[in-house]
Amino acid sequence: MSRIPETFELLRRKSRKALIPFITAGDPTLAHTVPLMHALVDAGADIIELGVPFSDPMADGPAIQRSSERALKQHTTLEGVLEAVRTFRNDNTATPVVLMGYANPIEAMGVERFARAAAEAGVDGVLVVDYPPEEGSELLQALKACSIDSIYLIAPTSTDSRIREVAQAASGYIYYVSLKGVTGAGHLDLDEVARKLPLIQSQIRLPIGVGFGIRDGETARAVSKLADAVVIGSRLVQEIEASAPAAAVDKVRTLLGGIRRAMDE
Amino acid sequence: MQMYEAGQIYDLPDSKGHFGPYGGVFVAETLMYALDELRREYLRLRDDAEFQREFQYELKHYVGRPSPVYHARRLSQHLGGAQIWLKREDLNHTGAHKINNTIGQSLVARHMGKKRVIAETGAGQHGVASATVAARYGMECVVYMGSEDVKRQASNVYRMKLLGATVVPVESGSKTLKDALNEAMRDWVTNVESTFYIIGTVAGPHPYPMMVRDFNAVVGKELLEQMPEVIGRQPDAILACVGGGSNAMGVFHPYIQERGVRLIGVEAAGDGIASGHHAATLCAGRPGVLHGNRTYLLQDEDGQIIETHSISAGLDYPGVGPEHAWLKDSTRAEYVAATDAEALQAFHTLCRMEGIMPALESSHALAHAMKIAPDMRKDQVLVVNLSGRGDKDMHTVATHSGIEL
């Protein structure tokens with residue numbers, strides 16, 4: 001059973017907003033991934049998005065692309081990512097883990113085999129960037145059968161009919177892309193977010209996370225006033241890139257801790 | 001797998017862009033609106049007589065169409081078998097078939113009110129064709145090109161700059177065509193309101209494979225009329241090189257229902273398929289999802305896209321248009337591969353025998369024609385789609401011959 005609905009329910013009762021950090025599994029090495037995940041939880045993460053590296057991450061900006069390249073240079077595989085989640089679950093059975101990636105590595109494993117392996121490893125949700133609802137139904141069914149949530153993106157350009165289509169398929173939460181662009185791009189437009197979220201909320205009864213372009217505590221705080229969750233990825237990945245591998249875990253803990261405090265102020 | 005029953009009209013893709021299990025729209029939600037908008041607009045223009053007249057006018061007066069078919073008599077005699085005819089796309093303005101598609105897409109862009117066009121390029125031919133039409137219609141043009149290709153195709157980079165385009169070298173991944181495509185997609189998603197993305201091949205999300213095919217189909221439509229005029233019938237086979245597959249799809253599509261005509265796509269076998277250094281996606285790949293469509297891909301067992309190799313930058317791509325994937329599975333078209341060495345030999349042979357310098361891409365199709373022609377009867381006819389001219393490849397050929405220019 002996915003831990004995601006229960007996590008949002010607990011947060012709602014505490015009137016807290018969810019903080020969802022993203023890191024790429026295998027960056028800087030797969031040995032760092034589990035310690036990094038625990039550090040994210042220590043720093044106040046409510047859900048972890050774990051990137052599955054892909055050679056051609058079309059929807060990502062340069063920071064996440066480079067992190068994928070680093071992870072692939074270490075021969076990080078989807079099997080290896082699932083193994084990391086399994087290890088994480090030895091010490092943490094509460095924090096939901098969402099795998100985020102692209103279709104091809106999942107298809108190479110086989111969608112049903114992937115869904116079963118993910119459930120067995122303790123994965124709670126899956127977001128496949130290049131599977132819109134109309135193309136990803138096979139995986140959607142396989143994940144449903146394993147009680148794993150399917151997370152979908154909604155963009156500023158998504159029309160009402162697209163939002164309804166996503167609503168049919170989505171569970172867990174919705175990931176609202178806060179700007180026109182790739183991950184890690186420029187600054188997000190808070191007014192646009194404030195205008196769009198009620199439109200989405202009127203069609204989808206799921207918590208909404210906002211991401212793409214959140215770089216500091218101040219923006220995270222502003223977004224947390226509007227949305228149910230704040231997703232932060234590129235900024236963390238840049239911190240990992242800039243750190244010596246041994247220091248990455250502490251640097252990421254400190255950075256995310258600051259963002260959590262800003263959100264909770 | 002049966003593609004269609006006898007008498008049934010071939011009308012793929014379906015409304016969602018599927019060619020059987022291939023094609024489709026595998027993109028992030030951030031691109032959905034732009035693709036919906038493009039699909040609606042293109043479907044409207046496709047049936048618009050005024051738009052088609054405008055397109056035909058440009059093809060005739062700007063590109064110089066129709067391109068001739070030419071009987072390569074000396075080459076045919078030399079091979080001693082089937083007669084080889086060349087469809088002379090190398091004679092088009094800018095020197096390749098690519099201009100057919102960029103004219104079409106830039107007309108669509110104009111109708112959509114977009115003032116900026118972007119493109120990805122491998123060999124540089126599509127980049128040059130895009131820069132050309134951008135100059136022609138007064139639009140801003142940005143071309144993404146892998147930094148490896150920028151080095152290999154310096155003269156085309158300069159041509160694009162002369163035409164007023166900005167060339168952005170792409171340093172990510174394998175620094176070739178697929179990475180240029182990733183980067184162009186990123187630009188598009190960021191500047192979607194002002195920008196039209198001119199994709200250069202029959203790949204990518206729907207409606208691109210269909211739209212690019214439609215614009216290039218002028219090649220096959222002309223050939224359908226020309227062959228009865230010159231030989232009194234249709235040829236026995238048509239050969240075309242396949243990287244992404246736009247020239248092949250353009251010449252194959254009008255012939256799909258001409259069941260008596262063999263359609264042969266020739267991929268780049270690089271150093272040989274067994275060497276692992278090649279770009280023969282349909283011959284050696286397996287289906288997957290990349291760049292917005294489901295198709296055959298060159299990938300490792302974990303589903304990561306692998307780096308390809310070909311002497312010709314224009315064939316150096318790990319995917320292939322989804323309609324080719326479908327034509328392969330349905331057996332309507334056959335796909336084979338020619339090595340770098342075979343393509344080079346064909347290049348030199350055509351130069352010496354016919355006074356025509358073919359692009360290294362097109363030389364792959366020619367190489368296979370030269371392989372099969374000797375075993376065929378003299379009254380049989382092969383048409384090679386000579387998709388581009390080879391001036392751009394002189395440096396590559398010289399280097400392989402140990403000559404410094």
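Quick note: numbers below take in every heavy atom, side chains included, and nothing from hydrogens, waters or symmetry partners. Treat the numbers as computed from the prediction; the structure is a model and nothing was measured.
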Enquirer: Less than 4.5 Å to any heavy atom of chain B: does that hold for the side chain of T159(A), its backbone, both, or neither?
Expert: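 Only the side chain of T159(A) comes within 4.5 Å of chain B.
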
Enquirer: Do NZ/NE/NH1/NH2 and the carboxylate oxygens of D130(A) and R294(B) come within less than 4.0 Å?
Expert: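 Salt bridge absent between D130(A) and R294(B).
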
Enquirer: Look at atom CD of E37(B) and say whether more than 12 heavy atoms of other residues, nucleotides or ligands are closer to it than 6.0 Å.
Expert: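 Atom CD in E37(B) is crowded, with more than 12 foreign heavy atoms closer than 6.0 Å.
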
Enquirer: Can you tell which part of N191(B) gets under 4.5 Å to a heavy atom of chain A, answering side chain, backbone, both or neither?
Expert: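 Neither part.
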
Enquirer: Check whether P57(A) gets within reach of chain B through its side chain, its backbone, both or neither, counting any heavy atom under 4.5 Å.
Expert: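 Both parts, backbone and side chain.
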
Enquirer: Is chain B contacted by the side chain of V177(A), its backbone, both, or neither, given a heavy-atom distance below 4.5 Å?
Expert: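 The side chain, not the backbone.
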
Enquirer: Considering only NZ, NE, NH1 and NH2 on the basic side and carboxylate oxygens on the acidic side, decide whether E140(B) and K115(B) come within less than 4.0 Å.
Expert: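 Salt bridge between E140(B) and K115(B), a charged N being under 4.0 Å from a carboxylate O: no.
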
Enquirer: At a heavy-atom distance under 4.5 Å, which candidate from R286(B), E193(B), K16(B), E183(B) has the highest pair count against chain A?
Expert: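 When all of R286(B), E193(B), K16(B), E183(B) are compared, E193(B) has the most.
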
Enquirer: Looking at P287(B), A34(B), G173(B), which one has more heavy-atom pairs under 4.5 Å with chain A than the rest?
Expert: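 Of the options given, most contacts go to G173(B).
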
Enquirer: Select one option (side chain, backbone, both, neither) describing which atoms of H291(B) are under 4.5 Å from chain A's heavy atoms.
Expert: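 Both backbone and side chain.
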
Enquirer: Given heavy-atom pairs under 4.5 angstrom as the criterion, report whether the side chain, backbone, both or neither of L297(B) touches chain A.
Expert: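 For L297(B), the side chain is the part near chain A, not the backbone.
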
Enquirer: Does the side chain of M112(B) reach to within under 4.5 Å of the side chain of F196(B), using non-hydrogen atoms?
Expert: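 SC-SC contact between M112(B) and F196(B) confirmed.
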
Enquirer: Tell me, for L290(B) versus chain A, whether the close heavy atoms (under 4.5 Å) come from the side chain, the backbone, both or neither.
Expert: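 Side chain only.
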
Enquirer: At a heavy-atom separation under 4.5 Å, does Q299(B) approach chain A through its side chain, its backbone, both, or neither?
Expert: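 Side chain of Q299(B) only, per the 4.5 Å heavy-atom cut-off to chain A.
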
Enquirer: In this structure, is the centre-to-centre distance between the rings of Y152(A) and Y131(A) below 6.0 Å?
Expert: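 No; Y152(A) has its ring centre 6.0 Å or more from that of Y131(A).
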
Enquirer: Thinking salt bridges, do K178(B) and D56(A) make one under a 4.0 Å N-O criterion?
Expert: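 Here K178(B) pairs with D56(A) in a salt bridge, since their nearest N and O are under 4.0 Å apart.
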
Enquirer: Under 4.5 Å heavy-atom distance to chain B, tell me which part of I106(A) shows up: side chain, backbone, both or neither.
Expert: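 Answer is neither: I106(A) stays 4.5 Å or more from chain B.
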
Enquirer: Tell me which one of K73(A), R66(A), R70(A) satisfies salt bridge (Lys or Arg N to Asp or Glu O under 4.0 Å) with D27(A).
Expert: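 Among K73(A), R66(A), R70(A), the one that satisfies the salt bridge (Lys or Arg N to Asp or Glu O under 4.0 Å) with D27(A) is R70(A).
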
